[in-house]
Every structure is written in structure tokens, then in C-alpha cells.
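A short write-up of the structure that comes next.
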Amino acid sequence: MDKLVAGNWKMNGGLASNRLLLDAFTPVSGVDMLVCVPYPYLSQAQKRTPSIALGAQDVSEFPAGAYTGEVSAAMLRDFDCTFVIVGHSERRALFHEDNATVARKAAAALAAGVTPIVCVGETLAERDAGRVMDVIGAQLSAVLEVLGVAAMARIVLAYEPVWAIGAGRSASAEQVAGVHGAIRAWLATRGVDAGTLRILYGGSVKPQNAAELFAIQHVDGALVGGASLVADDFMAICRAAAHR
Ligand code: PEP
């Protein structure tokens, strides 16, 4: 299975700077590339990146109707989005999304044929308290409860330790290996056929640490924030993931 490298632009960009960035992204063989852009730029990215998958950074839990400001999964499909990030730690912390909401968003995405990239991960305080898998287990349980065992195998997971996001310092190889292995085991003991379920790592992935991270067992790709806004860096990370 090829690795998936997903760029999360967050709330950055503009028509002119996007054009430069998107034009610099070229497909790399042996890796699945994805850019998750802000909603208003989906159309621009759709036209300019036909060979790179397109995604969004959030989605409504509702299919349609009187939900001012929301964007449905079916709307994302209209722009050829095949992936959507749900439950990013910024949405959990800043917009008060709880585990149940994240789970309903994942279900809404799947129902419309969009693959949710469900983000899980602990804060530093939770890690220091030895609660990493308690926290991640609760995040995963909520999704499993809503999706069920069969659909759970069709999502992508992203392990993003909150303390490593935008920090300039990723989790260590040992920490990443430990959590990815524990997530795989968690899924297996609950009967999820996770053979093709990808678990991405996210948190300060850069060209300098990408190869080391991609060499870790159960790391099936990366969710990249800051470095996805620098064309050379994103391309270097994609090349590091190719044929691994
Ligand atoms: C992210 O926002 O998902 C992320 C991992 O950010 P960064 O790569 O900047 O740490």
C-alpha cells in the first residue's frame, strides 16, 4: 500500500499564492498525494491539481438544510474531494468539537463517499499523566460506535500528538512507533479488519525527519501542516514517502 501524504493548509492562502504552490506540486510515483485546502479554494485546487487528490479540512455532520455556515459532504464531492479531515485538534480545542461530533462528521463523510481522515492524539498533560491510549481509545471508541466495525476499516486515522503540532519538534520515533502499534492493536481487538486502514502521523513533519518517520512500522503516511505551505518541503516529504 502506497503511503498517503496529506497537506493541511489550515486557514492560509490566497488565489495568487495558491496558484504558485499548486503549480509546484507534481505527482510522485509510489505515493498518494493530497492537499486539504480551505473551502473557498476547492474550485481553484480542483482545476489545478488533477493528479493530486483534493480534500477539505472539516465537514458538517448534517446532510443538508438550515445550518448556516456549514458545508456538507455532498458539496465536497461536487468539487471532487475524496478526503476530509475531521477532528483536528484545533477544531476540538478551539471550536469545542467533542468525540461524538467528530464521529458523526466521519459518518457523514463516508455516507457521501468522502473518506474521513480522523485525527486523534493526546495533549502533553495527558501524555505526562500516562493517559495516551485512554485518550486515544475514547476518541476511537466514539467513532467505532457510530460507524460500526465494517465502516471503521474504511477511514484513515491520523495520530497527531497535540504537543507536536506546529511545535517544530515531532514526536520521537519510539513514541510514534508505540502509539501507531497500540492503535493497530486496539482496532484488531475490536474486530476491525484494519489491513488496509492507513494510520498517518502528524506533528512537525519536515523534510529533515520525514524519512525516519516513514521508516517506522505502522506509519502509513503523514498529515503535514506548516511544511505543506512550502512547495519544496512538501515535495521533499512526498519523495521521502515514495516506495517505502
Ligand atoms: C497539522 O496541522 O495537522 C500539523 C501536523 O501541523 P504541523 O505539521 O505544522 O505540525
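The residues of the chain are indexed from 1 along the displayed sequence. All heavy atoms count here, side chains included; hydrogens, waters and symmetry mates do not. Note that ligands are numbered from 1 as they come in the structure, with each ligand's atoms numbered from 1 the same way.
Using a 4.5 Å heavy-atom cutoff, the side chains of L200 and Y159 are not in contact.
Pairs passing the salt bridge (charged side-chain N to carboxylate O under 4.0 Å, His left out) check and including a residue from residues 212-237, sequence neighbours excluded, read R184-D220.
Shown here are the side-chain contact (heavy atoms from CB on, under 4.5 Å) partners of A210, two or more places apart in sequence or in another chain: V205, F214, I237, A240. In this structure, E160 has no salt bridge (charged side-chain N to carboxylate O under 4.0 Å, His left out) partners at least two apart in sequence or on a different chain.
Ring planes of F25 and F234: tilted class, angle from 30 to 60°.
Using a heavy-atom distance under 4.0 Å as the criterion, the protein contacts of ligand 1 are N8, K10, H88, E160, A164, I165, G166, G202, G203, S204, L223, V224, G225, G226.
Taken together through direct or relayed side-chain contacts under 4.5 Å among Ile, Leu, Val, Met, Phe, Trp and Tyr, M133 and V143 form part of one hydrophobic cluster.
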